[in-house]
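Sequential numbering from 1 along the given sequence is applied to the chain's residues.
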Amino acid sequence: MDRLLENDTRRTNVRLSRLEDSTKFLQYLFPERLLLPKNTTLEDLIRTLGSQGHSTPAPVADHETRLAKFLNSVRAAVHKACGVSCFKWDAKSATKPLDGAYAARKPDITCYFETPDGISNRNWEHVVTFCEVKSQTDSKRERESFLEIAGKVSCLLGAQDGRHIVSCIRILNSSIYLTTFHRGGSISTCPFDINSSPQEFLRILIGVSFSDYSMIGFDTTIKWGVPADTSLNSLSTENQSSGLDIEDSHRVCIEGASDDEDVVEEHEPSQGWESMAKWMEITDKQGKRCKLLLRSILAISDSLFGRGSTVWEAEMEGDQINATVAVKDAWIDPLRKYTEGLVLNILEKHGIEGVPTLVSEEQVKTRHRDPERAHVEVNHSTHFFLSALPPHASDLDIRVLSRLVTRPVGKLVLEFSSLGELLVSFLDYIATHKNALEVAGILHRDVSLANLFLAFARGRTDHSVFMKHLSGEDKEHLCERIRSLERRGVLGDWGYAVPVTSPSSPSPATTSGPSIPPPDAIPSPDDLPTLPIEPVKTEFDNCVPARKVGSDEKPTLVSVSDLTADHDIVLLMGADNPEDDPRQTIDLCPLYRTGTWSWMSSQLVMAGPGQPVVHDALHDLESFFYVLVGICVLYDSPSKQKREDELADCYDKFFNTYEPSVMKTIFIQSDLTWVPYIVEHISPYFQPLVPLLTRLRTEIILPLASDERGSFYRKTCCDHDTFIKHIVTALSELPPECWDGCNSTRRSFSEVNNTRAESNPPSPLSLLAPPALPKNLPPGRGTIRSDSALLHMATARNVRRAAENGFDDFIPLGSTRKRPRLDSQASALPLNRHSVCEIPPNVKRSARLSKFAPKSFPKFLP
């Protein structure tokens with residue numbers, strides 16, 4: 001199977017083996033009060049269906065078309081009996097893979113949203129849910145069916161922004177299973193026989209295909225329409241209309257006339273498609289409510305577990321100058337004390353350049369599922385699922401949904417236009433990292449290729465304070481070059497950053513020059529934290545701030561194991577004072593590591609039992625070096641990637657990995673392999689950087705060593721000033737032609753990659769137009785996606801593994817580019833949630849290959 005999916009599902013799937021546990025979970029997930037009309041129960045519905053003659057037993061799951069007809073007949077009968085509306089099932093996808101994802105997968109039976117007339121080629125954007133079918137029931141096929149739906153849920157999440165929960169079904173012979181995926185893990189019920197358990201069957205079938213978008217997992221704070229009082233710059237008053245409320249948009253359905261066809265209710269749209277928009281409301285850090293018009297999806301995660309971030313480019317109401325912002329929704333770990341907004345606010349107070357500017361950070365709200373408290377809004381959290389599960393299901397992760405708004409909207413550093421711009425951006429990144437640590441006391445801890453950006457900037461420092469070793473003429477010439485650049489480096493994604501020292505008083509960071517390392521900067525091996533250490537327990541370990549639902553009281557610390565549906569997790573965010581949270585941050589635990597495998601420092605990769613390590617600045621500097629080397633072996637020139645066979649010989653081996661590996665360190669460190677395996681794969685365009693890479697290798701990689709006990713240590717230590725000095729020297733030695741193209745118009749990364757042949761990509765109309773009538777629009781759908789580069793290819797390795805394991809629904813899309821080249825997701829969860837100072841011996845972490853839109857890349861990547 002797909003190794004990424006295996007990492008996502010191995011430790012996060014809860015299987016409810018007892019009938020009473022499964023029934024309780026179904027009642028929580030799909031309560032009758034939301035599925036059926038008032039004063040109607042499932043028992044009443046079953047009696048009504050029986051009186052109408054609908055008692056045909058379910059067919060054996062040996063033919064998808066026959067089973068789809070059966071599901072539609074039940075759907076039509078339910079609608080006729082009580083007026084409940086569900087979406088239609090179709091079996092065509094069993095033979096024709098769906099477009100719109102990184103791989104072409106074939107759901108056996110698919111349930112679709114209603115689409116406008118003329119859209120016949122449905123893709124993953126139009127999928128409500130799906131059903132996996134097996135003709136036999138045994139443990140092997142049950143496991144296979146779970147892995148298959150996991151891959152398809154990944155495709156669905158990567159195609160629909162604003163969707164956080166996916167419930168799908170598996171039918172094995174005459175047994176039906178429900179599996180629900182959310183960012184804390186997945187939950188599977190025990191099997192229910194369709195014929196002998198009609199209540200459970202109807203509850204599952206109606207629940208997964210119900211027309212209420214909040215029931216099927218969409219975020220209802222994301223709305224369709226245009227607010228009547230909007231003042232957004234790009235909307236004309238003639239196209240304005242009131243926003244569509246989610247409660248008005250559900251229960252619009254198709255009534256079945258027979259087993260094979262349905263009759264659509266006729267309704268007139270209130271306005272044309274061109275006037276429809278997707279928008280949300282936020283509260284900025286000054287406490288002002290404002291509206292955001294979402295313009296495009298910049299990045300969307302298809303991971304089944306973890307932060308599952310989605311990033312949009314949006315236009316902010318009432319801001320004529322800085323109207324464009326980036327909006328990031330992410331499922332964050334509430335055990336972490338410092339959210340990204342809190343960190344950005346600290347950096348802003350200390351005047352740190354080269355970081356995103358905080359506009360707003362808040363928790364996303366949803367309605368409580370308790371009938372007696374349905375009017376109460378609570379913060380979106382996965383712990384509500386745990387309240388409906390037995391105690392052994394506590395292995396599911398607790399996540400809360402946060403919304404971060406920042407500016408500017410930058411592009412990935414891969415869109416550099418010249419060597420000069422590339423090196424200056426790295427100078428910006430290192431200087432920002434240095435100032436954040438030394439002035440604000442913040443360590444980034446997640447340096448990767450996906451977190452380095454270029455953005456238009458004015459008035460940025462020319463870094464002359466770091467050029468004291470240059471002659472006066474060379475210094476002035478280089479400063480002039482730097483000041484003339486339109487774009488500068490922005491170090492993004494501070495979601496795993498933490499305070500590590502006591503910062504000095506806030507002061508402009510641009511005045512800080514080279515620092516002198518302390519005399520004891522080179523520790524001995526015995527002084528390094530590589531031996532087993534005693535766990536440090538505090539009163540606030542494994543606790544989150546929470547209060548009673550509906551209460552305005554000040555939050556108190558509640559143990560994770562004591563959380564119930566009566567608790568509402570309330571985190572400090574944005575401009576709040578982190579000192580109001582008395583918890584000790586878990587991030588500084590010697591067994592808590594963050595980063596992306598491809599770019600992670602060797603010591604962090606090797607961390608484990610007997611090898612604890614505290615993340616420090618040197619680990620981030622090592623990651624910066626790997627990223628620079630990776631760019632040099634990934635490209636032949638700006639926007640021109642190497643051929644596939646060339647990438648397989650170098651980049652793929654060392655930097656395109658999703659599991660722990662020190663291969664890159666070994667090959668870079670050894671004199672036998674540095675030239676033939678690394679330097680010889682650097683194209684002529686990047687040859688002026690080889691002396692810089694060689695000097696940095698000497699400072700950062702060669703000193704890495706281990707003693708006779710296998711304990712890691714550094715013979716010498718590199719610091720920010722040394723790294724910066726070598727970059728400045730390289731910049732001063734660049735010939736004039738290496739600066740050409742810095743401020744010129746050129747084809748974007750996305751435009752270049754779009755010249756590749758794709759397998760049936762969605763048409764421009766289907767990408768830009770809403771997929772259904774305005775009345776039917778889900779609150780969060782992937783319809784504002786504007787870049788087909790979001791479609792990525794499946795790896796040949798994954799296809800081969802799928803074939804070896806008997807999965808016939810994993811088909812690569814036809815393209816010469818087989819896989820994305822960027823790792824993005826940080827490996828940042830505690831190794832053991834319940835005791836952060838203990839580590840299980842068999843824990844492995846994954847770093848997901850990101851699916852992203854390079855054309856308009858976000859400031860932050862999930």
Would you tell me whether [X] and [Y] have side-chain atoms, one donor and one acceptor, within less than 3.5 Å of each other?
{"X": "T722", "Y": "D719", "value": "yes"}
{"X": "T461", "Y": "E353", "value": "no"}
{"X": "H681", "Y": "D649", "value": "no"}
{"X": "Y626", "Y": "T665", "value": "yes"}

Are [X] and [Y] close enough that some pair of their side-chain heavy atoms sits under 4.5 Å apart?
{"X": "F426", "Y": "L731", "result": "no"}
{"X": "W494", "Y": "I442", "result": "yes"}
{"X": "T673", "Y": "I678", "result": "no"}
{"X": "R407", "Y": "M316", "result": "yes"}
{"X": "T339", "Y": "S402", "result": "no"}
{"X": "L437", "Y": "H720", "result": "yes"}

| message | Looking at F453, is its backbone amide N or carbonyl O close enough to the side chain of Y429 to form a donor-acceptor pair, meaning the two atoms are under 3.5 Å apart? | response | yes

Can you see which heavy atom on [X] is nearest to which on [Y], and at what distance?
{"X": "A326", "Y": "V409", "result": "N-CG2, 3.7 Å"}
{"X": "S418", "Y": "D740", "result": "CB-O, 3.2 Å"}
{"X": "E361", "Y": "L342", "result": "OE1-N, 3.6 Å"}
{"X": "H444", "Y": "D493", "result": "NE2-O, 3.0 Å"}
{"X": "A730", "Y": "L423", "result": "CB-CD1, 4.0 Å"}
{"X": "I346", "Y": "A440", "result": "CG2-O, 4.2 Å"}

| request: Under the side-chain contact (heavy atoms from CB on, under 4.5 Å) rule, what do V490 and L454 come out as? Steps first, then yes or no, please. | output: CA-CA 6 Å; V490 175; L454 290 169; over 6 Å; no

| request: Might you work through the side-chain contact (heavy atoms from CB on, under 4.5 Å) test for R307 and Y496, ending with a clear yes or no? | output: CA-CA 11 Å; R307 289 197 289 177; Y496 294 118; 3.1 Å; yes

| query | Parallel, tilted or perpendicular for H615 and H619, by the 30°/60° rule? | reply | perpendicular

| said: Parallel, tilted or perpendicular, judged at 30° and 60°: which one describes the rings of F667 and F654? | reply: tilted

How long is the straight-line distance from [atom2] of [Y] back to [atom1] of [X], given to the nearest 0.5 Å?
{"X": "M600", "Y": "E622", "atom1": "CE", "atom2": "CD", "answer": "11.0 Å"}
{"X": "W312", "Y": "L293", "atom1": "CH2", "atom2": "CG", "answer": "13.0 Å"}
{"X": "L634", "Y": "L647", "atom1": "CG", "atom2": "CG", "answer": "6.0 Å"}
{"X": "L298", "Y": "K411", "atom1": "CG", "atom2": "NZ", "answer": "11.0 Å"}
{"X": "N451", "Y": "L412", "atom1": "CG", "atom2": "CG", "answer": "9.0 Å"}

| request: Please assess F624 against I700 for the test side-chain contact (heavy atoms from CB on, under 4.5 Å), listing each intermediate value before the final yes or no. | output: CA-CA 10 Å; F624 278 118; I700 298 174; over 6 Å; no

| Y651 six-ring face occupied by K642 cation (under 6.0 Å, within 45°) | no

| message | Working note: R403 + S360, criterion side-chain contact (heavy atoms from CB on, under 4.5 Å); need CA distance, chi angles, decisive distance, verdict. | response | CA-CA 8 Å; R403 179 163 292 156; S360 168; over 6 Å; no

| remark: side chain to side chain contact (heavy atoms under 4.5 Å, CB included) test vs L452 passes for just one of I631, L628, L491, namely L491

